[in-house]
Amino acid sequence: MKLQTLFKVTAIASALALAGCGGDISVNPTVNDNSTNNSGNTVNNPPAEGGGGDSGTENICAVHNGVQGAFDGRDCEYNLEFASRNVEITEDVTFAELPDGGVHVFDGALLIGEDCDTTTACSIEENGPVMTVEPGATLAFTSGEAIIRVARGAKLNAIGTFDKPVTFTSANAFTRFDVVGNGPRFADWGGIIVNGQGITNQCTDAQRDADTCNVASEGIVSYYGGNDNADDSGSMKYAKIWYAGSGPRAGGDGDDLNSLTLNAVGSGSSYEFVHIHQGYDDGIEFFGGAANVKHVVFTDTQDDSMDIDAGWQGNAQFLFIKHGTVNVDGTDVFMGNGGFEADGEKNSGPDYSQAPTSRPNIANVTVVTTDGLSTRDNDPSTAMKFDDNFQGQLYNFLLVKDDVSTNDTRCILFTGDGELGVTGGDLNFFNSAMACVAENEFTSSALFADGTSRQEWFDNGGVNARLGGNASVFAPDGFSTDMSSADITVTANDLSTLGNSFFDTVDYIGAVSSTDTSSEWYQWVQTALTAAEQD
């Protein structure tokens with residue numbers, strides 16, 4: 001039986017089961033409301049061994065609450081009885097690597113744990129279910145509305161290895177699932193939303209004190225926030241998130257789905273060795289919390305690669321960001337707005353005194369931008385955008401733009417009250433270089449409110465340097481910082497004086513060193529960039 005036929009059979013079976021339970025029948029669900037576990041979609045007699053598909057082999061698909069995926073001898077297909085907007089998974093579930101390149105395929109949303117607005121008659125389950133994705137496992141999604149949503153108290157642990165990363169991707173990346181035949185593309189599926197109990201300035205102090213901080217997430221409503229910036233919502237390591245996200249939804253612009261949304265996720269969670277590729281909205285968006293990220297590659301994300309907001313207090317090191325082009329229906333289009341969109345606060349004042357503005361420490365970053373206008377919204381490709389009193393200490397950055405021929409795009413842009421971090425002395429670059437062919441607004445005569453010019457602020461007394469667009473900063477591989485370059489005139493900060501055990505000691509600016517070609521990080525970046533170029 002062809003898998004497409006299997007999809008139809010299982011979808012019909014799911015619909016019949018839902019009808020018998022009084023559930024909501026939807027073969028292609030629209031996940032746009034706050035989910036509750038009231039559909040009654042429970043199978044009292046799970047498939048016996050050998051009963052998962054047409055092959056007669058043992059069913060090795062994941063199972064939860066008596067419901068198991070269907071195994072056809074290669075792939076596991078999960079219908080709406082297993083995962084949908086009406087099914088909240090309330091016990092641990094594990095997705096293992098399937099033999100022979102098999103894939104776990106989902107028609108609907110994976111909702112891990114029970115969502116809860118604590119102002120209603122519910123409470124957060126502190127030891128909620130854990131979704132585990134084992135090394136080598138691939139999860140693919142058939143719908144732009146399909147997401148992974150992790151509720152407060154639940155966890156997503158997606159831990160691969162360097163040789164066997166875990167993969168979250170579009171079902172269209174596999175020809176046997178790609179019915180139309182156009183291949184995978186941004187917004188093929190919804191992405192990953194992790195809701196934590198960390199601190200966000202979207203809630204008042206009084207709400208946190210009363211345990212009634214319930215912020216509605218963007219894109220698809222679920223709730224996050226609390227008073228614990230050490231909260232643990234699970235972790236991710238050696239993972240790929242491709243072709244995710246979506247554009248403006250019911251709430252209009254800004255009401256989007258990202259590749260990875262970290263809603264008030266605490267420092268008990270970490271995200272390391274991740275490759276985010278061709279997302280429709282942001283690569284990673286932080287709304288408060290203190291989650292840490294390390295060794296992350298962003299390629300061809302349409303909006304912002306790192307979007308920071310609502311009081312994020314985490315750390316980040318080794319980030320490589322590259323804007324580029326992808327082919328859409330025979331036409332090459334540009335991808336990428338901001339390498340960073342750095343916002344400080346949603347709210348401020350005495351009612352929000354417990355929730356400071358975003359103030360992360362970030363080190364060893366390379367951002368490569370273009371002169372193109374993003375196909376998403378026709379906005380320019382900018383390395384750094386600062387807004388809403390963002391504060392942060394930024395070390396060993398390398399910002400690169402070698403073409404400003406048409407669209408007059410910027411390397412560093414201040415919008416709104418983004419200058420407040422500068423005038424307060426709380427936003428600074430250290431040991432960083434800007435290699436931009438034209439600095440545009442950044443070189444204007446406009447001064448900050450304290451009388452400092454943009455040039456003076458960035459140069460920081462000679463600690464940083466503006467090298468110009470003709471500077472040679474990359475090694476022959478095209479991405480690692482050329483350690484022998486005579487054009488790089490700044491000395492790296494080894495980060496030892498930060499007193500922060502998160503940061504590795506370094507001797508270079510940018511994300512990757514040309515003398516470090518044998519490291520996993522160098523090879524992770526090289527592999528990611530090669531895949532992006534071929535896509």
Quick test of your reading of the model: are Asp188 and Arg185 salt-bridged, counting only N-O distances below 4.0 Å? no
The criterion is salt bridge (charged side-chain N to carboxylate O under 4.0 Å, His left out); which residues satisfy it with Asp487, sequence neighbours excluded? none
Please work out whether the ring planes of His277 and His275 are parallel, tilted or perpendicular, with thresholds of 30° and 60°. tilted
Do we see a donor-acceptor contact under 3.5 Å between the side chains of Glu456 and Ser453? yes
Between Glu345 and Arg359 (salt bridge meaning N to carboxylate O under 4.0 Å), is one present in this structure? no
Checking side-chain polar atoms at under 3.5 Å, does Asp494 have a donor or acceptor matched by the opposite partner on Tyr395? no
Asp307 bridged to Lys385 by N-O distance under 4.0 Å: no
Can Asn315 and Asn500 be counted as having a side-chain donor-acceptor contact under 3.5 angstrom? yes
Salt bridge check: are Asp300 and Lys322 linked by an N-O gap of less than 4.0 Å? no
Using a distance-only test with no angle check, is there a side-chain donor-acceptor pair under 3.5 angstrom linking Tyr522 and Asp477? yes
Under the rule for ring-ring contact (aromatic ring centres under 6.0 Å, His included), what residues qualify as partners of Tyr508, not counting sequence neighbours? none
Are a donor atom and an acceptor atom from the side chains of Thr370 and His323 found within less than 3.5 Å of each other? no
Quick one: do the Asn195 and Asn263 side chains pair a donor with an acceptor below 3.5 Å? yes
So, Asn214 versus Asp117: side-chain donor-acceptor pair below 3.5 Å or not? yes
Side chain to side chain contact (heavy atoms under 4.5 Å, CB included) test vs Gln317 passes for just one of Val296, Asn361, Asn364, namely Asn364
Check Lys401 with Asp371, please: is the shortest side-chain N to carboxylate O separation under 4.0 Å? no
Does a side chain donor of either Ser222 or Ser217 reach within less than 3.5 Å of an acceptor in the other side chain? yes
Taking the six-membered ring of Phe458, is the NZ or CZ of Arg466 close enough (under 6.0 Å from the centre) and on axis enough (within 45°)? no
Identified ring pair (Phe, Tyr, Trp, His ring centres under 6.0 Å) partner of His295 from the options Trp521, Tyr271, Phe320, Tyr238: Trp521
How far apart are the C-alpha atoms of Lys294 and Asp504, what are their side-chain angles, what is the distance that settles it, and do they pass the salt bridge (Lys or Arg N to Asp or Glu O under 4.0 Å) test? CA-CA 10 Å; Lys294 203 169 195 175; Asp504 294 346; 3.2 Å; yes
Any side-chain donor paired with an acceptor under 3.5 Å for Asn347 and Asn201? no
In chain order, what residues pass the ring-ring contact (aromatic ring centres under 6.0 Å, His included) check against Phe298, with sequence neighbours excluded? none
Is the closest basic N to carboxylate O distance between Asp281 and Arg376 below 4.0 Å? yes
Relative to each other, are the rings of Phe397 and Phe340 parallel, tilted or perpendicular (30° and 60° limits)? tilted
Would you tell me whether Thr409 and Asn407 have side-chain atoms, one donor and one acceptor, within less than 3.5 Å of each other? no
Between Asp379 and Ser374, do the side chains contain a donor N or O and an acceptor N or O under 3.5 Å apart? no
